[in-house]
Amino acid sequence: MTEYIIKNGCVIDPTQGINGQKMDICIKDGKIVDKVSNSAKVIDATGKTVMAGGVDIHSHVAGPKVDAGRLFRPEDKLFKSPNRKSNLRMEMGFSVPSVSKTGYDYARMGYGFVMEAAMPPLEAAHVHEEIRDTPIIDEAAMPVLGNNWFLLEYFKNHEIENAGAYASWILNATRGYALKCVNPGGTEAWGWGLNCITIHDKVPYFDITPAEIVKGLIETNEYLRLPHSIHVHANNLGNPGNYTTTLDTLKLVEGYKANNDFGREQVMHHTHLQFHCYGGDSFKSSSFESKSKEVMDYVNKQKGLTIDTGNVTLDETTTMTADGPFEYHLTHLNHLKWTNVDIELETAAGIVPFIYDPKTYIAGAQWAIGLELPLFAKDKDRCFITTDHPNAGPFWRYPRIYKWLLSANARNDLIKNELKYGDKVLDTTYIGELSDKEISLYELAQMTRSGVAKALGLSNLYGSLKTGMNANVAVYDIDPENLPSDPEQYETAFGNVFAFFKDGVLCIENHDIVNYSMPKKTVWVNSIVPENKQVERDIRDKFLHSYTVDLENYAVQEEHVHNPYAIKVDITE
Amino acid sequence: MQEVIKHVACPYCGACCDDLEVTVDDGKIIEVKNACIIGTEIYHHASREGRVGTPRRRQPDGTYKDITYEEAIDFTAKMLIKAKKPLIFGFGSTNCEGMAAAGRVAEDAGAVLDNCASICHGSSFLAIFDTGYPSCTLGEVKNRADVVIYWGSNPAHAHPRHMSRYGIFPRGFFTGKGARGRKVIVIDPRYTDTARCANQFLQVQQGHDYELFDAFRMVMHGYAADVPAIVAGVPKEKILEACDVIKAGRYVHIFFGMGLCHSDGRNHNVDIAINLVRDVNEYTKCTIMAMRGHYNIAGPGIVWAWQFGFPYCIDLTKGSVAHMNPGETSSVDLANRGEIDAFINIGTDAGAHFPIRAFEKIGGAGIPMVTIDPSVNMAATVSDVHIPVAIVGVETGGICYRMDNVPIQYRAVVKPFNGILTDEQLFDKIYERMQELKNAGIECDGTWDYATPLADVRPIKEVYQ
Amino acid sequence: MNTVTITMVKQPQLFLEADLITPDQFAGKSIEAIGAIEISEGKIKYPLASFAKIEGVSGATAAETKIVLNGDLTRVKRIGQQMTAGEIIINSNVDMYTGGWMKGGKITVNGNADSFTGIAMAGGELTINGNCQNHVGSAYRGDWRGMTGGVLRVTGNVGNDIGTFMRGGTIIVGGDAFIHVHTHGEGGTIIVKGNIQARVGGQSVKGDIFVNGKIDFMMPGYKYVEDVEKDVDGVKAVYAHYVGDLGERHPEAKGQKVFTNLYLKK
Amino acid sequence: MTVLHLNMVTQRAVEEGEAMESGKTTQKYFDVCSIIEMNADDFKELGINLNTVVKVTSECGEVFVKSTIGRQTCPRGLCHIRQGVWANQVVPPRTQSTGEPQYSGFPVTVEPAPEARVVPAVELVQKACNKWNGKLLWPM
């Protein structure tokens with residue numbers, strides 16, 4: 001097998017405390033090794049930054065809702081799709097790219113692993129079909145469980161073993177990775193056109209509250225000793241004044257401890273926090289303001305939490321979430337087309353195009369709040385960069401977000417020159433207070449590599465350049481010893497990786513994709529629990545009476561899971 | 001030895017019933033349980049004498065001569081490369097694996113890729129582009145809906161088990177009374193067999209559904225008083241009565257069908273229906289769903305959306321980007337306008353289901369034509385080459401998308417007849433052959449033995465980077 | 001202003017896509033360079049000179065460039081697409097998308113134009129001295145931003161979907177329209193001097209529609225207000241003023257709901 | 001002789017679906033698809049018996065089919081031929097720029113043609129495509 005040596009680059013690897021040290025990275029047989037033979041192909045990384053492949057903790061890239069977003073927005077392709085490169089497949093779409101563009105663009109940013117943020121269990125086969133067609137990147141998907149009828153009933157009666165047996169069955173049936181929770185209870189209420197705004201609102205019929213659901217999920221997750229914690233999108237997303245709901249939700253972790261063998265320390269990951277840090281009483285009134293500091297103050301002192309940002313990129317994009325009632329609310333704000341899919345017994349989804357227009361005050365404030373979160377974060381290993389792709393902006397804008405974080409000038413310029421209500425944004429958010437704060441490349445690597453992999457329980461697969469790791473390595477045109485004076489260079493360099501290795505295969509060489517046919521993994525958790533006849537009977541019963549597919553056709557068949565990589569977690573041992 | 005295979009999904013309509021039990025004896029299908037009359041017929045057809053077991057080439061006298069797969073694949077691959085604008089149409093009856101493979105072929109060939117939605121629920125796509133699609137899975141209807149509306153659709157005939165599995169009769173979690181607890185409204189120009197199951201039947205004047213929807217929306221927007229005395233042939237009292245039923249419902253669901261898509265206004269009949277759903281959500285929960293015809297006609301829309309971003313009518317001839325605009329890149333319009341120079345009919349029958357005045361411009365235009373289908377259909381009878389393939393859901397499995405876009409995993413119950421290929425295998429082989437031909441220097445240079453070369457017209461090489 | 005004259009000398013077997021025939025593309029180019037501009041027939045790209053004789057001189061800028069097209073252009077699509085300035089005169093029938101997404105300048109077609117003429121037009125003048133097919137001045141699929149500006153004039157008849165999702169500008173139809181006029185409109189003005197079969201102003205939010213002939217089937221959602229005198233394309237007449245579509249959402253301005261106005265000539 | 005001016009639609013029927021799956025070259029498909037259904041009063045006006053062959057003519061063609069009233073009743077002025085080869089002989093291919101032909105809602109005339117032959121599907125399609133050589137290769 002081919003050997004490579006990435007010579008003389010400035011290596012940044014927080015997992016080993018390496019910060020810009022000049023060293024060689026050797027690759028052999030897909031792994032990072034201590035040394036290679038003389039015949040190894042040399043990649044000259046002089047004056048460049050070398051990092052482990054990026055890890056995305058939350059991105060909507062494959063599955064029914066993403067695809068519906070592609071399907072219902074032909075205008076997202078018109079004059080907006082890049083011209084095809086001769087040796088690649090077509091790359092279609094701006095805010096919701098085709099699977100080819102998704103794989104290519106992640107590789108171009110130096111990312112090797114992406115977590116699909118929401119997989120409706122009933123439609124898991126669809127997610128795996130798209131994963132098959134997405135080139136280069138390894139993927140995993142989280143089944144959405146915060147409004148699942150089985151779990152609502154088990155949690156109501158506090159049957160954690162039963163909930164665990166069911167969740168374990170779902171992870172295996174869907175080839176899923178972690179327990180995702182979106183608008184707990186609220187999405188079930190949406191089945192009747194209702195919602196749960198606070199964590200104490202009762203879910204219609206099921207007589208349970210979002211707080212009880214979240215606690216139940218935490219207990220189930222730790223009972224199952226899963227690699228990742230529960231992954232929460234809290235109630236009341238996107239609404240002015242919602243930060244109190246957010247704090248209430250975050251505080252639910254108090255008293256719980258992580259229980260797993262994967263090095264994960266948190267018991268809850270709260271996703272796209274930007275959408276959950278709003279003060280004020282309405283988008284229309286001038287009371288709308290940032291509460292990122294209040295929320296981050298709590299996050300900073302609570303070790304049981306990790307978060308990702310959900311940065312607004314000021315683009316025209318497509319919002320999509322399992323938070324059905326939120327999307328219904330959104331379509332009333334902008335009167336644009338609205339797609340909704342309620343999924344029997346499980347979840348829902350809504351999709352609405354949205355324009356984060358820098359000429360509006362709200363978009364400017366949302367942009368600022370998204371940047372405040374990582375700037376406030378004390379522990380960069382617990383705060384990760386996302387755009388909640390495509391909700392706050394497309395993922396391929398990450399390099400632009402890095403620019404805004406790495407360079408205060410870039411941020412301040414934008415406030416001054418591009419935001420129409422820049423002064424008002426300065427008044428109502430904390431971005432002015434942070435006007436000289438910048439993160440380092442080392443911190444960026446924590447927020448996009450090491451920290452993310454740890455929170456996902458995937459430290460032994462991703463996010464590190466330690467010897468023996470799978471060789472996912474990105475080389476960027478940035479010289480840490482001579483940082484660019486023009487912040488635009490950050491965006492260019494992080495968006496067009498100089499070289500990228502995926503599992504030891506040279507995928508991008510000299511900025512061009514040279515190989516996209518390397519094997520890629522579908523990572524999933526094979527959870528094993530004690531036999532549970534009660535749950536088996538409950539499952540049979542629900543399929544007999546309530547589902548419209550046969551139980552025997554529900555689990556994704558082996559032939560439809562592509563390049564599976566199982567992480568076995570056996571709690572019976 | 002007899003074997004009963006259970007939980008088999010049916011390859012007929014978009015209801016995708018997955019509870020069939022098929023009895024097989026020595027590779028022959030003996031009995032089918034739980035399927036409707038049409039589904040049953042599909043399984044029996046698979047075992048019937050006289051199926052086509054090898055590819056065939058049409059002879060000048062109209063007879064067919066058996067050829068090998070290699071010859072058929074070579075013909076198809078060469079045709080796709082040489083034609084300036086080949087059209088690949090169909091996919092009503094294939095699995096998603098076949099559609100994904102066809103997507104790769106079409107992109108490499110620079111073809112137009114279209115599916116049966118183009119003449120079926122394509123208008124619904126246009127409406128979804130404009131207005132979105134507030135929908136649900138069928139289980140939501142079964143478990144929650146107490147008001148069900150079938151508008152311009154006739155499941156009694158087109159989706160025979162739809163009403164019993166999902167729409168009217170099933171007892172769901174919150175709908176334990178089944179049909180007795182549901183109010184059913186049917187709106188159609190004809191008094192159909194579905195209408196016989198309705199609590200309320202509104203006989204709309206054919207072609208005027210749009211106006212009737214507008215009247216419904218007026219009521220929802222508080223302008224009931226301004227509704228004219230008769231709208232689209234329906235008296236105002238009946239409209240108001242139906243609106244009262246809708247507003248009083250806890251969960252309202254609208255199923256719509258070809259009655260909207262095939263009449264004047266096409267997409268706008270659907271788009272206003274979707275807007276009515278938005279309006280009704282101000283009062284109570286309301287969702288809508290297209291009554292997709294074939295068991296996997298939702299599939300190509302889904303697969304191609306992730307490959308190209310468009311569900312149908314995908315013009316890949318530019319090579320650099322995909323383009324979609326029904327009315328221009330749609331199969332019937334391409335045929336009407338004489339805008340294609342090669343045709344693949346796959347898993348459908350353009351010969352029977354296109355208006356003949358459109359089809360004759362393909363079948364009678366002297367352009368090369370290939371039909372890929374398990375059976376002899378009308379398109380096959382005028383094709384240069386007919387390539388039989390395995391029947392999905394009978395001889396091969398795969399993923400198919402139900403009308404609510406839920407993926408259903410299909411199973412094979414018998415081995416492919418005479419060892420014929422699946423769609424996926426066939427398209428993969430066509431793709432391989434295309435690479436071989438391209439490597440051997442075969443290219444699209446504007447000439448092809450059926451076409452008149454244009455003198456002095458020289459193409460530009462290296463069309464994109 | 002300099003003029004480039006293009007005369008079709010050959011016909012394609014299929015159709016030609018000529019989105020690069022615009023003053024913007026021609027400006028500052030030599031005749032040879034213009035002849036080398038790509039037009040495509042299916043997946044083959046040809047130099048324009050393969051199909052047409054090119055004469056004259058282009059201007060330094062688009063605004064100083066006029067293009068005259070002669071010969072049979074019935075099978076040529078996308079002429080004048082996205083043009084920003086200058087002038088195009090087409091002495092023939094043309095195919096689809098003529099003047100699509102145009103932002104400025106002037107196009108005159110002395111003949112009929114097919115569908116999607118002036119689609120998502122944002123400015124300039126587009127005149128068809130003949131009939132058009134469907135989706136004149138309409139939006140691209142899925143886009144809520146249809147025609148936003150400019151004047152689109154058709155002297156003859158038009159088909160369905162005239163000004164769908166229109167948000168600005170003016171469409172004037174000298175003859176009849178079939179169905180769906182100003183559907184989903186949210187601004188702009190449409191004047192139809194002939195008759196319309198049905199579906200005028202359906203789902204329209206705001207804007208103005210003038211009809212001088214008859215409407216066979218009125219939308220139920222339009223309500224008569226009063227008779228008014230209006231000056232329409234230079235001619236004064238009395239019109240019955242309707243507002244609607246009462247079945248659609250409407251914005252408020254100064255505490256009043258804003259409706260689409262439909263003026264039907266008495 | 002009476003000539004009716006009707007509005008025509010074409011849609012699926014369960015009989016058509018079943019026959020289609022048996023094969024479009026079969027007698028069964030021929031029997032269930034080559035029929036026109038109309039309102040009883042319109043039928044009476046034609047002055048013919050059930051199953052008499054009629055000629056249906058639209059703007060773009062004509063077809064001979066057997067006449068019935070049909071269980072799923074049409075209102076006066078509307079007629080229905082089950083989707084398939086015979087209906088498509090008269091369906092206008094115009095699409096209103098949507099891709100979908102005018103399958104429902106186009107004017108036809110219906111007149112008795114008791115002497116005429118109802119032509120089999122293959123013959124209709126092959127003739128339209130200039131590929132008819134005078135004999136049916138598929139026995140019905």
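Quick note on labels: first sequence line is chain A, next is B, and so on, each numbered from 1. Everything numeric here is computed off the predicted structure, so don't read it as measured data.
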query: Taking side chain as C-beta onward, heavy atoms only, is Val341(A) less than 4.5 Å from Asn405(B)?
result: no
So, the part of Pro97(A) with a heavy atom under 4.5 Å from chain B: the answer is neither
When rounded to the nearest 0.5 Å, the distance separating NE2 of His560(A) from CD1 of Ile399(B) is 4.0 Å
Whatever's closer than 4.5 Å to a heavy atom in chain B on Trp149(A) counts as side chain
Counting heavy-atom pairs under 4.5 angstrom with chain A, the leader among Asp404(B), Asp19(B), Ile288(B), Asn281(B) is Asn281(B)
> Can you check whether Arg84(A) reaches Val321(B) side chain to side chain, under 4.5 Å on heavy atoms?
Replying inline: no
Less than 4.5 Å apart, any side-chain heavy atom of Thr548(A) and any of Val141(B)?
no
Main chain of Gly309(B), side chain of Lys77(A): is a donor-acceptor contact present, judged purely on distance under 3.5 Å? yes
Problem set entry | Min side-chain heavy-atom separation Arg411(B)-Glu552(A) under 4.5 Å | yes
Honestly, the part of Leu345(A) sitting under 4.5 Å from a heavy atom of chain B is both
Closest non-hydrogen contact found for Asp67(A) with Ile302(B) is OD2-O, 2.6 Å
Within the structure provided, determine whether His545(A) and Phe173(B) are in side-chain contact (heavy-atom separation under 4.5 Å).
no
If one checks every heavy atom of Tyr205(A) against chain B at 4.5 Å, the contacting part turns out to be side chain
Under 4.5 Å to a heavy atom of chain B? For Pro64(A) that would be neither
Max heavy-atom pairs within cutoff under 4.5 Å with chain A, candidates Tyr251(B), Tyr410(B), Phe310(B), goes to Phe310(B)
Apply side chain to side chain contact (heavy atoms under 4.5 Å, CB included) to residues His332(A) and Glu282(B) and explain how you reach the verdict.
CA-CA 11 Å; His332(A) 282 68; Glu282(B) 298 292 318; 2.5 Å; yes
Given Pro74(A), Pro120(A), Pro82(A), Ala348(A), the one with more heavy-atom pairs under 4.5 angstrom with chain B than any other is Pro74(A)
- Query: Is there side-chain contact between Gln409(B) and Val556(A), with heavy atoms separated by less than 4.5 Å?
  - Reply: yes
Checked Tyr401(B), Phe308(B), Phe125(B) vs chain A; the most non-hydrogen pairs under 4.5 Å come from Tyr401(B)
So CG of Asn340(A) and OG of Ser135(B): to nearest 0.5 Å the spacing works out to 8.0 Å
Rounding to 0.5 Å, atoms CZ (Arg171(B)) and OG (Ser546(A)) come to a distance of 13.5 Å
| field | salt_bridge(Arg89(A), Glu107(B)) N-O dist < 4.0 Å | value | yes
Q) Taking atom NZ of Lys6(B) as the centre, does the number of heavy atoms from other residues, nucleotides or ligands within less than 6.0 Å exceed 12? A) no
Heaviest contributor of heavy-atom pairs below 4.5 Å to chain A, chosen from Gly103(B), Pro311(B), Gly172(B), Ala322(B), is Ala322(B)
Output for pair (Leu71(A) CG, Trp306(B) CH2), nearest 0.5 Å, gives 12.0 Å
Do Ser98(A) and Gln307(B) have side chains that get closer than 4.5 Å, going by heavy atoms? no
Next item on the list: Report yes or no: is the cationic atom of Arg144(B) (NZ for Lys, CZ for Arg) closer than 6.0 Å to the six-membered ring centre of Trp192(A), at no more than 45° off its axis?
Entry: yes
Rounding to 0.5 Å, atoms CD (Glu123(A)) and CD1 (Ile408(B)) come to a distance of 9.5 Å
Per-residue tally against chain B (heavy atom, under 4.5 Å) across Asp342(A), Thr331(A), Asp76(A) peaks at Asp342(A)
Does atom NZ of Lys438(B) have more than 12 heavy-atom neighbours from other groups under 6.0 Å away?
yes
So, the part of Thr102(A) with a heavy atom under 4.5 Å from chain B: the answer is neither
Exercise for review: Could you tell me if the ring centre of Tyr133(B) sits under 6.0 Å from that of Phe72(A)?
Suggested key: no
- Message: If you apply the rule side chain to side chain contact (heavy atoms under 4.5 Å, CB included), what do you find for Arg402(B) with Val549(A), and how did you get there?
- Response: CA-CA 10 Å; Arg402(B) 202 165 67 177; Val549(A) 297; 3.6 Å; yes
To the nearest 0.5 Å, atom CG of Leu336(A) lies from atom CG of Asp130(B) at 12.0 Å
Has Asn553(A) got a side-chain atom pairing as donor or acceptor with His7(B)'s backbone, closer than 3.5 angstrom? yes
Under a 4.5 Å heavy-atom criterion, the part of residues 127-134 of chain A in contact with chain B comprises Glu129(A), Glu130(A), Arg132(A), Asp133(A)
Of the listed Pro170(B), Cys96(B), Cys17(B), the one with the largest count of heavy-atom pairs under 4.5 Å with chain A is Cys96(B)
Checklist line | Side-chain touch Tyr328(A)/Arg278(B), heavy atoms, less than 4.5 angstrom | finding: no
Honestly, the part of Leu316(B) sitting under 4.5 Å from a heavy atom of chain A is both
Over 60° means perpendicular and under 30° means parallel, so classify the ring planes of Phe206(A) and Phe174(B), tilted if in between. perpendicular
query = Are the side chain of Lys337(A) and the backbone of Phe129(B) linked by a donor-acceptor contact shorter than 3.5 Å?
reply = yes
Report task. Using modelled atom types only, decide if a donor and an acceptor are shared between the side chain of Asp18(B) and the backbone of Asp550(A) within a distance under 3.5 Å. Result -> yes
